[in-house]
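Here the structure is laid out as structure tokens; the discussion comes afterwards.
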Amino acid sequence: MNDVVIEKQPILSKILSKLNNSLVGAQAYLLVGDDEDNLEKYSLIFSKILICPEKYTDNCSKCNICSRIKSGNFGELNIIKPVNNVIKKEEILSLKEKFKTKSIEGKNQVYIINNVDTLNSSAANSLLKFLEEPDDTNTIAIFTTTNINSVISTIVSRCQVVRLNNEQLKKGMKYIKKITFLTEEEINNILDFLFIIENNFVKAVSLMKVQFLDYFNTKESLKNALMVILLSYKDALNYKIFKNMDYFNNETGIKNIADCQSEEIIIKKIKFILENMQKLEYNVNITLFISNFIIGIGEITNGKSNRN
Ligand SMILES: [Zn+2]
């Protein structure tokens, strides 16, 4: 018996050990977890076990396939990731083309689709057809997601679902970068602009073009910038109540907001941002939207708002 042990993941370890010792398994697996990096890591171990012609061990040196998988140079493993948060149909079509015939080198051929919840609808339909085709090519699918509720149910029902233990302890900057697709520099620029809004919203309106709009001038980028602002106020609230932050590592500017404002004001701002994020879904004039947003935040700070 060659057992596979993955720390803190007993269920996954059990499934992988079983697979490592017999060939019988599912045609498709859906790994559900809270950390995308770990999901990627586990999906790769999973694929090595499915592909390695020997019994897989941690550092398999019996075959050169495992090392080629590690370096991303193995043709019978195909990995698909979302680009700009979407996976398009073309990706699935080229996958089908590639996997028309049986594997030559490995025990199986494997494709991984990371963040399978980001398939657009035509890609999802195309994938479903692929999953429904009778398999005579020993092709096995591994999907990952951090949000199973957003995965199309007809795909979920075709998979063995593997729920991983949660591993993410602290969210931090890495998390913000991941959910907003922004760089650390961009995130810090947004924070700087937020602190201008907080200190002097009239000044912020006059600076909004050069400090903000020149960088965030599409709906999508604006939405991500608003997300950073939302998390800042959430952290201000965290700091006020629990004396620590989930995202920004006790940022001084956010501490100041927490120290100078009541919980009620901060909560009002969080609500106001959420409302505005929704408004962005409709057609809006971006310049007008931002100036209204800045003024709205300023009014809440000064207690002039009658929002509730
Ligand atoms: Zn191997």
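For ligands, and for the atoms within them, numbers begin at 1 and follow the listed sequence. Fair warning: this is a prediction, and the values are worked out from it, not measured in the lab.
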Residues Glu299, Lys269: salt bridge by 4.0 Å N-O rule: no
Charged N-O contact under 4.0 Å between Lys240 and Asp259: no
Glu263 and Ile241, any side-chain heavy atoms less than 4.5 Å apart: yes
Lys203 to Phe201 six-membered ring, cation-pi geometry met (6.0 Å, 45°): no
Ring geometry between Phe272 and Phe293 (parallel below 30°, tilted from 30 to 60°, perpendicular above 60°): parallel
Protein N, O or S within less than 2.8 Å of the Zn ion (ligand 1), waters excluded: Cys52 SG, Cys60 SG, Cys63 SG, Cys66 SG
Within 6.0 angstrom of Lys174 NZ, more than 12 heavy atoms from elsewhere: no
